[in-house]
Number of protein chains: 2
Amino acid sequence: MNKKLPDKTVERLSQYRRALLNYLSGGKQHIFSHEIANLLHITAVQVRRDLMLIGYTGTLRQGYDVKELIEIIGKIIDTRDGQKVAVIGIGNLGRSIMGYFSGKRTRLSIVAAFDNNPEKTDKIYAGVQCYHIDQMAEIIKKEGISIAVISVPGEEAVKVAETLVMTGIRGILNFSPKPLNVPAHVYLQEYDMITMLEKIAYFAKKG
Amino acid sequence: MNKKLPDKTVERLSQYRRALLNYLSGGKQHIFSHEIANLLHITAVQVRRDLMLIGYTGTLRQGYDVKELIEIIGKIIDTRDGQKVAVIGIGNLGRSIMGYFSGKRTRLSIVAAFDNNPEKTDKIYAGVQCYHIDQMAEIIKKEGISIAVISVPGEEAVKVAETLVMTGIRGILNFSPKPLNVPAHVYLQEYDMITMLEKIAYFAKKG
DNA sequence: AAATTACTGTTATTTTCATAACAATGTTAT
DNA sequence: ATAACATTGTTATGAAAATAACAGTAATTT
Ligand SMILES: NC(=O)c1ccc[n+]([C@@H]2O[C@H](COP(=O)([O-])OP(=O)(O)OC[C@H]3O[C@@H](n4cnc5c(N)ncnc54)[C@H](O)[C@@H]3O)[C@@H](O)[C@H]2O)c1
Ligand SMILES: NC(=O)c1ccc[n+]([C@@H]2O[C@H](COP(=O)([O-])OP(=O)(O)OC[C@H]3O[C@@H](n4cnc5c(N)ncnc54)[C@H](O)[C@@H]3O)[C@@H](O)[C@H]2O)c1
C-alpha cells in the first residue's frame, strides 16, 4: 500500500472522498461501486479498480463501508499532521485562492503568503499573514511548508520556483503560464488557463 | 489535417505558439526542435512528433520557420472569426479570470458574464457586461457564444451546465468541484483545485 | 570523396490509463 | 434445492500518450 499509485487514481481518490463525505451526511452507511461511479459520472469498474489498487475491499452484495473508506483514503492522501501550503503572489488569483481555502477544512492548510509588493506585505489575507518574498526561504523552512502555489506573473515564476526548490519544497502548483523546470523529487502540477481554453476552443470547433 | 489531434498535442500546440511568439520578439526567424523543447522543458522528439501530426515540416539543418509555424498552429486552434466565451458566476474566481483575460489578445474573447445576484448584474466587469442568469440562454444564442467558464458554487454548477448544454454550447471549463455530466458533443474540461492540491499532497508525502 | 555531424520525420516500443471480460460468491426467487 | 441475480475483485485487452530507435539527408570536416 506504500507503493506509489497512478496519478489519475489519486485524483479520483480525492474526489471519492469528497463525494463520500457528502453522501454520509445523507445517513447511509454503505455504498455500491456503481453508486460512487454515478456520483462522479464514471464507470463502476473504474471505481472498483481504484479501490483494488489501494487494497480496500468491500462486502459482497453490501458494497463499501462509507466511513471506513473515507478513513482509508485519508490515510493514503493525508499525512498524520497535515501538510502546510504557501501561496506566492497575492494578486487577483492568489487572493481568490486564499479566500476559497480559508473556508475549507482539510489536512492542507495555507499558513503563509508571499509577495514582493510592499503595499501587500505585512498584512493578513483570509486570516493568513503575507510576508515579503525575501523572507520566503526562511519561513518555508521554519514552518515546514511542503507545498507551494505559484501565482506570480510568468516572468517571475521561474525565479520563484528556483528559490522554492532550494528551500526543499516537495510539491508545486503553478498557475503562471511559464513552464517550470524542477528536479524529479519535486512534484509539479502546471495549470495554464490559456492553454486549457485554447484546447477547449479546438475541440469546440465546428467541423 | 482535419482529423482530430490528440488532446495532449493540442495542449502543447497552444504552448508552442506562445513560446514562439515570445521567441519571435527576439528577432530570430528559425528554431530547432530542441530549442522549442527547451522552452517547454520537454523533449525534442515530442516536439517533432507533434509537428508531424499537424503535417508541418521544417527544413533540414535549419529548423522551423517561426512565423509560418505560428500561423499554422493558429489555423488549427483558432476559427476564422474567433470564438466567444462567457463566464458564469462573477465571484472571486470569476472576476479574477475576467480581469486576467481582459488584457490578453487572443482569438478567444470573453463577451458576457452571468450571475444570479442582482447586486452583481447589469454592471460591467473588466469591460464586459454582466447579465442576470435568466438571460443566459437567450444571450448565448444571440451572440453565438460557444464556450463557457463555470465559476458558480458546486451546488449550482449542475443546473448551470444543463442550461448551457441546452443552449448548444460546445465547450465548458468547470472550476466548481462538482463533477458534471454533459453529452459527448460538448467538450468538458474539469478543474478541481482541491483535487489537484490533494494529489500534490500525496506525491509530496515523504516516504 | 569519404566520413562525420546535426538535424528532420517516421516507425517501433513502452508506459500509462481505461475498458472489457469474467470468475467467485453470497442472496434471492422459484 | 436449484437457478437466476447482483455484486465484488482480478485478469485480459484496448487506447492514448510518451519515449526510443532509426532511417534519411544536407552541410561540414577530414
Ligand atoms: N487572475 C487569473 O484569473 C489568472 C488566470 C490564469 C492565470 N493566471 C496567472 O496567475 C498569475 C497571477 O495572476 P494575477 O491575475 O493574480 O496577477 P496579479 O498581477 O494580480 O498578481 C501578481 C502578484 O504577484 C506579485 N509578484 C510579482 N512578482 C513577484 C515576485 N517576484 N515575488 C513575489 N510576488 C510577486 C505582485 O505583487 C502581485 O501581487 C499570473 O502568472 C497569471 O498569468 C491568473
Ligand atoms: N475562489 C477560488 O479561488 C476558487 C478555487 C477553486 C475553486 N473554486 C470554485 O469556483 C467556484 C466559484 O468560487 P468563488 O470563490 O468565486 O465563489 P463566490 O461565492 O465568490 O462566487 C460565486 C458566484 O456565483 C454566483 N452564483 C451563485 N449561484 C449562481 C447561479 N445559479 N447562477 C449564476 N451565478 C450564481 C454568486 O452570486 C457569486 O457571485 C466555486 O464552485 C468554487 O468551488 C474557486
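In what follows, chains carry the letters A, B, and so on, assigned in the order in which the sequence lines appear, proteins first and then strands, with residues in each chain numbered from 1. Values reported hereafter were calculated over all heavy atoms of this structure, with side chains retained and with hydrogens, waters and symmetry mates removed.
Looking at residues two or more places apart in sequence or on another chain, you find no ring-ring contact (aromatic ring centres under 6.0 Å, His included) involving A/Y125. Under the salt bridge (charged side-chain N to carboxylate O under 4.0 Å, His left out) criterion, B/E156 pairs with B/K159, not counting sequence neighbours. The ring-ring contact (aromatic ring centres under 6.0 Å, His included) search around A/H41 returns none, not counting sequence neighbours. In this view, A/K84 and A/E143 satisfy the salt bridge (charged side-chain N to carboxylate O under 4.0 Å, His left out) rule, not counting sequence neighbours. Listed by chain and residue number, nothing satisfies the salt bridge (charged side-chain N to carboxylate O under 4.0 Å, His left out) test with B/D134 (two or more places apart in sequence, or in another chain).
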Which pairs would a plain distance check flag for residues 52-59 of chain A, meaning a side-chain donor or acceptor within less than 3.5 Å of a matching protein atom at least two apart in sequence or in another chain?
| from | atom 1 | to | atom 2 | distance (Å) |
| --- | --- | --- | --- | --- |
| A/Y56 | OH | A/D65 | N | 3.4 |
| A/Y56 | OH | A/E68 | OE1 | 3.0 |

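Looking at residues 184-197 of chain A, you'll see that no heavy atom sits under 4.0 Å from any atom of DNA chain D.
Regarding B/K8, its NZ atom lies at a distance of 11 Å from the C1' atom of C/dT16, rounded to whole Å.
Sorted by first then second residue, the salt bridge (Lys or Arg N to Asp or Glu O under 4.0 Å) pairs that include residues 14-26 of chain A, not counting sequence neighbours, are A/R17-A/D78, A/R17-B/E198, A/R18-B/D192. Contacts classified as salt bridge (Lys or Arg N to Asp or Glu O under 4.0 Å) and involving residues 33-55 of chain A (residues at least two apart or in different chains) are given here: A/R12-A/D50. Within the structure, salt bridge (Lys or Arg N to Asp or Glu O under 4.0 Å) contacts touching residues 89-99 of chain A (residues at least two apart or in different chains) do not occur.
For the pair A/K205 and A/Y202, the cation does not sit on the ring face, since its NZ or CZ is not both under 6.0 Å from the ring centre and inside 45° of the axis.
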Seminar exercise, completed: Quick tally for nucleotides 5-10 of chain C: nucleotides whose base has a protein heavy atom under 4.0 Å get B, sugar-phosphate-only ones S, the rest -, giving BBBBBB

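In summary, contact between chain A and DNA chain D, defined as any nucleotide atom under 4.0 Å from a heavy atom of the protein, begins and ends at D/dC5 to D/dA12 in the 5' to 3' direction.
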